[in-house]
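Per chain, numbering begins at 1; letters A, B, ... match sequence-line order. In this text, all values refer to a predicted model and were calculated from it rather than measured experimentally.
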Number of protein chains: 2
Amino acid sequence: MNEQDFLAAYDPHAYPAVAVTVDVVALTIRDGALHLLLIRRGEQPHAGLWALPGGFVRPDEDLVTAARRELAEETGLAGEPLRRVHVEQLASYGAPDRDPRMRIVSIAHLAFAPDLPDATAGTDADEAAWVAVAELTNRQLAFDHGQIVADGLERARSKLEYTPLATRFLAPEFTIGELRAVYETVWGHQLHAGNFHRKVLSVPGFVESTGASTERGGTRGGPRARLYRAGDARLLHPALLRPALLRPAREETVR
Amino acid sequence: MNEQDFLAAYDPHAYPAVAVTVDVVALTIRDGALHLLLIRRGEQPHAGLWALPGGFVRPDEDLVTAARRELAEETGLAGEPLRRVHVEQLASYGAPDRDPRMRIVSIAHLAFAPDLPDATAGTDADEAAWVAVAELTNRQLAFDHGQIVADGLERARSKLEYTPLATRFLAPEFTIGELRAVYETVWGHQLHAGNFHRKVLSVPGFVESTGASTERGGTRGGPRARLYRAGDARLLHPALLRPALLRPAREETVR
DNA sequence: CTAGGTTATTCTCAAGTCGAGATGTTCTCA
DNA sequence: TGAGAACATCTCGACTTGAGAATAACCTAG
């Protein structure tokens, strides 16, 4: 049998029924706190519980495209603002019993977004909201989404170390102080302002000066700060290492 | 409708037909060179081409379990030797046209194995072999397996930096020189023996002394070396950074 | 058995990086 | 107008790194 004949005779339904979905751990910073996009499920199973935005991958759609579509549907984002959101694959979750309906393998994605307007519910949810990560500890999420969020957060903390993705939480032009606030928020730890400043400017390609400064000083005083934009580096070298205190003790969630 | 009724009425085949497979990028070191486990496909499509070992995920099987099963089938490994192989999830590949049969999403895994006996072909392959990675450049692989291998290699190089997984390429007891050889092989670059030695012993939990030494010096001379075993650290801190020369210029494949 | 080459292990030293603290200045707010 | 906050730079000591070298143990060839 040649390849042509083989394909003509091939029956896709001969294989076990598995569904593939994408889920999105979308992070942003609001009011100085890390927030996560959640929807309240409007349908069974787990109706009423909070869950990650996500859904089935369409037949002609790439995985990351599906993730961006789901994100767009829940945030109302489109065009240039949507393009500025960073989306990357996080990991896949496929325990046989993770969904009571059937075998569902979910390709989780991680997204970094600048401060966005309030979320708007999509079709299969009656509520979508940015929820402060700090308030998540006592809230139960649907399916294994609690684990996915934990993995996503650890990945985010880790990505700030060796990529310039912290800038994706900010407007195109930002000050070093704003960038430091991103690190402090995601890592949950104060950083030494002077050392951070020195380090950021010394890593090639991390940020580049716009030549301009802010119009006014900060709300609580201080001089006008210089403005920077993201540089062209895709990896930071040398990296901005987290204080030893903040790194994970085990490795399970680290990729 | 409550959750019970919902599940009873649920029809799995109402959703698009997608198959989920696992593929394994299994690496080992043979004769001082990095090798990759490949099978020659015995069935359409791409019959005759070399491909990664892999196959459909069974209904009651976790993803990493499926990957370990596929690996065991191709290497003939079982029991303790199989347990010593490190397997972790690499990434998922789901471009709509990556397989001509149907929509197939593959969860690729990465495995680090000590030097193993020759591979034995499984049921759907007429040949399985450890192939030197260096000889792979001019060989075409089936599907998108070339990309998966490239991603796996970059991940492996990166994992050696911040995890103690290099020890998984070796026997339970090894010398610092053998460990250095792993790094040199995977990174494709000579390292400074003295500095490597100092660094490995200074990273907490990387290796621990067995108190013993090798019975004889190396085949080409030198004193007997002390023997070590893997320590209990899961992450190396501070990391063993690759020379700047060896790090990827872009970030696409880095997780 | 010996010479020469190879490897393990430890040192030295200069250059680079990091954490902590301090300084001088510019701003905002009360 | 004065206090307090934030920006931008410096300093300094501790630590890490890269490169070279020293010493000693051990193998193989001859």
Side-chain angles (χ1 to χ4, degrees), chain A residues 32 160-162 170 173-185 187 189-204 206-228 236-247, chain B residues 32 160-162 170 173-185 187 189-204 206-228 236-247:
Chain A
L160 292 210
E161 293 191 286
Y162 62 94
L170 299 171
E173 298 198 351
F174 50 85
T175 69
I176 301 293
E178 289 165 348
L179 185 61
R180 177 165 48 83
V182 170
Y183 278 88
E184 292 179 335
T185 301
W187 285 351
H189 192 267
Q190 296 284 115
L191 299 175
H192 184 294
N195 292 343
F196 182 85
H197 199 280
R198 173 182 62 185
K199 178 72 186 180
V200 165
L201 295 186
S202 77
V203 176
F206 191 2
V207 299
E208 56 187 34
S209 175
T210 65
S213 294
T214 53
E215 288 298 312
R216 309 174 28 98
T219 40
R220 290 187 294 177
R224 300 172 187 182
R226 289 175 211 162
L227 285 168
Y228 297 82
L236 302 183
H237 185 71
L240 280 86
L241 295 181
R242 276 180 280 186
L245 200 70
L246 301 180
R247 50 191 56 254
Chain B
L160 291 209
E161 293 191 284
Y162 62 94
L170 298 171
E173 298 199 350
F174 50 84
T175 68
I176 301 293
E178 289 166 348
L179 185 60
R180 176 164 49 83
V182 171
Y183 278 88
E184 292 179 337
T185 301
W187 286 351
H189 192 266
Q190 295 286 115
L191 299 175
H192 184 292
N195 292 342
F196 183 86
H197 199 281
R198 173 182 60 186
K199 177 72 186 180
V200 166
L201 295 186
S202 77
V203 175
F206 191 0
V207 298
E208 57 187 34
S209 175
T210 65
S213 293
T214 51
E215 287 299 311
R216 309 175 26 98
T219 39
R220 289 187 295 178
R224 299 173 188 180
R226 289 176 211 163
L227 286 168
Y228 298 83
L236 304 181
H237 185 72
L240 279 87
L241 295 180
R242 276 181 279 187
L245 202 70
L246 300 180
R247 49 191 56 254

With sequence neighbours left out, which residue pairs that include part of residues 211-224 of chain B fulfil the side-chain hydrogen bond (donor to acceptor under 3.5 Å, both in side chains) condition?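 Found none.
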With sequence neighbours left out, write down each residue that passes side chain to side chain contact (heavy atoms under 4.5 Å, CB included) with A:His192, or none if nothing qualifies.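 Scan of A:His192 (side chain to side chain contact (heavy atoms under 4.5 Å, CB included), adjacent residues dropped) gives A:Asn195.
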Can you sort out the partners of B:Phe206 under ring pair (Phe, Tyr, Trp, His ring centres under 6.0 Å), two or more places apart, ordered by chain and number?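 Partners of B:Phe206 under the ring pair (Phe, Tyr, Trp, His ring centres under 6.0 Å) test: none.
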Looking at [X] and [Y], what are the two nearest heavy atoms and their distance?
X	Y	result
A:Ala244	B:His237	CB-NE2, 4.0 Å
A:Leu160	A:Tyr183	O-OH, 2.8 Å
B:Tyr228	B:Val207	CD2-CG2, 3.8 Å

Nearest 0.5 Å, what's the [atom1]-[atom2] distance between [X] and [Y]?
X	Y	atom1	atom2	answer
B:Arg247	A:Tyr162	CZ	OH	11.0 Å
B:Trp187	B:Leu240	CH2	CG	5.5 Å
B:Leu201	B:Arg226	CG	CZ	8.5 Å

By side-chain hydrogen bond (donor to acceptor under 3.5 Å, both in side chains) - contacts of B:Arg242 (at least two apart):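 Testing B:Arg242 for side-chain hydrogen bond (donor to acceptor under 3.5 Å, both in side chains), a comparison that skips the adjacent residues, returns B:Glu154, B:Glu161.
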Heavy atoms within less than 4.0 Å of DNA chain D: which residues of residues 210-219 of chain B have one? Give them sorted by number.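 Under 4.0 Å from DNA chain D: B:Arg216, B:Gly217, B:Gly218, B:Thr219.
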Go through residues 190-199 of chain A and report each residue with a non-hydrogen atom lying under 4.0 Å from DNA chain D, sorted by number.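 A:Gly194, A:His197, A:Arg198 - these, ordered by number, are the residues of the stretch whose heavy atoms sit under 4.0 Å from the strand.
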Proximity to DNA chain C (any heavy atom under 4.0 Å), residues of residues 236-243 of chain B only: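 Correct list: empty, so none.
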Output a table of donor-acceptor pairs, distance under 3.5 Å, between side-chain atoms of residues 173-182 of chain B and any protein atom two or more places apart or on a different chain; print 'none' if there are none.
residue	atom	partner	partner atom	Å
B:Thr175	OG1	B:Gly177	N	3.4
B:Thr175	OG1	B:Glu178	N	3.0
B:Glu178	OE1	B:Thr175	N	3.0
B:Arg180	NH1	B:Glu184	OE2	3.4

First-last contacting nucleotides on DNA chain D - partner chain B, under 4.0 angstrom, heavy atom: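 The contact span of chain B on DNA chain D goes from D:dT17 to D:dT28.
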With 3.5 Å as the limit, what N/O pairs link the protein to nucleotides 4-6 of chain C?
residue	atom	partner	partner atom	Å
C:dT6	O4'	B:Arg220	O	2.9
C:dT6	O2	B:Gly222	N	2.9

